[in-house]
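Inspection log for the structure reproduced underneath, given as structure tokens.
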Amino acid sequence: MNLKFVVKIIHIIALVQLSMPVVAQESVSWGLVRIPVACIRDGKGHSTEMTSQAIMGTPLQILDTDGDWHHIISPDGYEGYMNISSVAVKSADEIGEWRRAKRLVSVSGPEIKVYSTPEGRGAHDVVSELTLSSIVEGEIVSDTLVSILLPDGRQAYASASQFVPIETWASADFDMDKAMDIAYSLMGAPYLWGACSTKSVDCSGLVRVAYFSQGVLTLRDARQQIEIGHRIEPEQKDSLIRGDLLFFSNTPDGRISHVAIFDHDDTYIHSSGLVKTNRMRPDDPDFGKRYYRGASRIVGMEGTKGITKVINHPWYFEK
């Protein structure tokens, strides 16, 4: 069977089901993102387009390695290339051990520092930065301290108040107030095409960061996100509730080019130039230049196509 055909089938399975490809042999290569934010590109080179990002502790399937670049699939089915310096390569056995290990998720932010000693908090004590929702091995040592192991084996320490056990984070009921707080905490953050972390976001990246903070993984791009969840037609605008995703195009029947998160009283938050709010009114300079194409409701639709609770994703937990 043609290798490219096999790779394409694996990609389709991951994209549609948001689950681990069927292949589970010892020869399959895995990886964990080892830096705060890693770029996913559409080609093998730093000059190629950045199409998405992955944060520390994200599991990846490595399809192939060519020089300094891994051909990878991320847990949402997104395929691309990542520089080898961003990835801690794991065997099938090692990634299995990671899924069973005691792990912690960073819930304070937008970013935190972790340190080389339990007492160290100076600039020269920093081991790494972690963005919101990063995953590391570790355990709570005391009421005030956690000991953690980064994906590449570096040891570090941090405040216990900045982390929760991964099971707690991944299985908790969705809290829309907290998700919206995360979105608003990024007010003023710069827009960057392909960005998907608390450092900077594109429009669909803001959705991903807000929802992933509550342990829910969605598809990556606006044109994909409009296909998931409960559909709300443009004429049903009065039925919108907080957290619904609003979709826009540049022409009446054009391709979906923008997504925002509805808040209340016609207000939405989105990333356009920077993270900001606008109103669903014709005289609003942002809303007036776009064509509103309807909305999708994500909360309550977990487990349907393209919306996965992390606790149920086999790349994060053994099933």
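We number each residue from 1, following the sequence as shown.
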Short question: side chain of [X], backbone of [Y] - any donor-acceptor pair under 3.5 Å?
X: R220; Y: G194; answer: yes
X: R34; Y: S85; answer: yes
X: H70; Y: I72; answer: no
X: Q214; Y: Y211; answer: no

Decide if the gap between the ring center of W169 and the ring center of F163 is smaller than 6.0 angstrom. no
Is the terminal nitrogen or CZ of R103 (NZ for Lys, CZ for Arg) located under 6.0 angstrom from the six-membered ring centre of F317 and within 45° of that ring's axis? yes
Do [X] and [Y] have side-chain heavy atoms sitting under 4.5 Å apart?
X: I228; Y: T304; result: no
X: E94; Y: W30; result: no
X: S116; Y: V127; result: yes
X: L32; Y: K90; result: yes
X: N278; Y: F287; result: no
X: V310; Y: V216; result: no
X: T48; Y: Y81; result: no

Please determine whether ring pair (Phe, Tyr, Trp, His ring centres under 6.0 Å) holds for the pair F247 and Y292, giving the CA-CA distance in whole Å, both sets of side-chain angles, and the decisive distance to 0.1 Å. CA-CA 6 Å; F247 296 96; Y292 173 56; 8.9 Å; no
Regarding S91 and D93, is there a side-chain donor-to-acceptor distance under 3.5 Å anywhere? no
In terms of the angle between their ring planes, are H270 and H258 parallel, tilted or perpendicular, with boundaries placed at 30° and 60°? perpendicular
Trace of the side-chain contact (heavy atoms from CB on, under 4.5 Å) decision for I112 with E129: CA-CA 6 Å; I112 63 172; E129 183 178 70; over 6 Å; no
